[in-house]
Amino acid sequence: MTGDQQLEPVAWGLRDAVLGFVFAYLLTILLSPLAYSMTGQSTSTSSSDLPLSTIALLQVPFYAGMLGVALWASFRKGNGPRVDYGLDMRWADAPLGLVVGVLTQIAATLLYVPLLWWTSVDSNDISKPARELTDKAHGSGVVLLILVVVVAAPIVEEIFFRGLILRTLQRRFSDTWAIVISSAVFAAAHFEPLQFPALFVFGLVAAYLATRTGRLGPGIWAHLAFNGFAVYSLLQ
């Protein structure tokens with residue numbers, strides 16, 4: 001469903017997206033002492049020293065905030081996420097998304113070749129945030145890492161960025177600009193400058209899939225493959 005075809009009378013929009021960001025961060029801050037306590041950590045512990053269990057628990061209120069606001073906005077101000085956001089999935093979405101996700105991860109990696117050649121940045125700088133996370137995963141921690149990064153993140157982020165934000169922008173701009181702007185917001189929201197190009201490219205692909213098919217299913221599977229391929233590579 002493109003912006004021109006979306007005729008449902010909805011009242012959700014960019015204010016709800018901003019509310020989702022703010023609520024997610026506030027909820028995480030509010031519940032972070034509980035997450036630290038449950039995993040036996042002091043609130044003074046450096047973020048780089050936190051175990052994976054603490055990091056995973058901190059993602060719960062963050063994802064809950066984003067997902068909760070996106071779903072609330074659609075149910076309260078629209079026609080439900082299946083109609084408003086295209087939250088639907090078909091059997092063909094899985095193979096399509098998995099192939100696209102892996103190919104996008106490979107293509108995104110190639111973007112860094114000029115950066116590695118012409119600057120002092122090296123591959124360790126680029127992979128540092130993800131490597132710090134995977135280095136914490138041992139034994140059951142690998143399962144926890146997969147649940148957070150490969151399962152939860154794709155579902156929540158696709159609903160929020162390619163559902164709420166992309167569809168809001170489609171009502172204001174052309175599909176092309178909606179895809180570009182939502183992808184830039186998606187990449188910037190991760191607060192990782194060196195990862196911005198790769199995330200932006202994936203955002204373009206996922207937004208195109210959502211716009212082209214009218215569903216979030218292909219993008220969710222592509223996101224799963226994109227993150228999963230990166231995690232698999234780093235765990236080797």
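When reading the values below, keep in mind they use all heavy atoms of this one structure, side chains included, and skip hydrogens, waters and symmetry mates. Sequence positions, counted from 1, serve as the residue numbers for this chain.
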Donor-acceptor pair, side chain of Thr119 and main chain of Leu116, under 3.5 angstrom: no
Under 3.5 Å side-chain donor-acceptor pair for Thr176 and Ser174: no
Electrostatic pair Arg82-Asp88, nearest N-O below 4.0 angstrom: yes
Stepwise side chain to side chain contact (heavy atoms under 4.5 Å, CB included) check, Val121 with Tyr112: CA-CA 10 Å; Val121 174; Tyr112 291 96; over 6 Å; no
Leu58 and Tyr36, any side-chain heavy atoms less than 4.5 Å apart: yes
Non-hydrogen side-chain atoms of Leu169 and Ile179 separated by less than 4.5 Å: no
Arg167 side, atom CZ; Gln170 side, atom CD - distance, nearest 0.5 Å: 6.0 Å
Distance (rounded to the nearest 0.5 Å) between His223 NE2 and Phe161 CZ: 9.0 Å
Joint cluster assignment, Phe226 & Ile126, ILVMFWY side-chain distance < 4.5 Å: no
Cation-pi geometry met for Arg171 and Trp12 (6.0 Å, 45°): yes
Parallel, tilted or perpendicular: ring planes of Phe191 versus Tyr25, cut at 30 and 60 degrees: perpendicular
Joint hydrophobic cluster, Leu194 plus Leu234, side-chain heavy atoms closer than 4.5 Å: no
ILVMFWY network linking Leu166 to Leu204, side-chain heavy atoms under 4.5 angstrom: yes
Phe21/Phe160 aromatic ring centres below 6.0 Å: yes
Inter-residue atom distance Leu57.CG - Leu144.CG, 0.5 Å rounding: 8.0 Å
Pro129 versus Glu192, closest heavy-atom pair with distance: CG-OE1, 3.4 Å
Value rounded to 0.5 Å, distance of OG in Ser37 from CG in Leu31: 12.0 Å
Hydrophobic cluster membership, Leu199 vs Leu164, 4.5 Å side-chain cutoff: yes
Partner of Pro81 under side-chain contact (heavy atoms from CB on, under 4.5 Å), chosen from Leu67, Leu216, Ile159, Leu71: Leu71
Heavy-atom pair of closest approach, residues Ser182 and Ala178: OG-O, 2.8 Å
Hydrophobic cluster membership, Leu50 vs Tyr63, 4.5 Å side-chain cutoff: yes
Beyond-backbone contact of Val180 with Phe200, side-chain heavy atoms, under 4.5 angstrom: yes
Interatomic distance, His190 atom NE2 to Glu157 atom CD [nearest 0.5 angstrom]: 4.0 Å
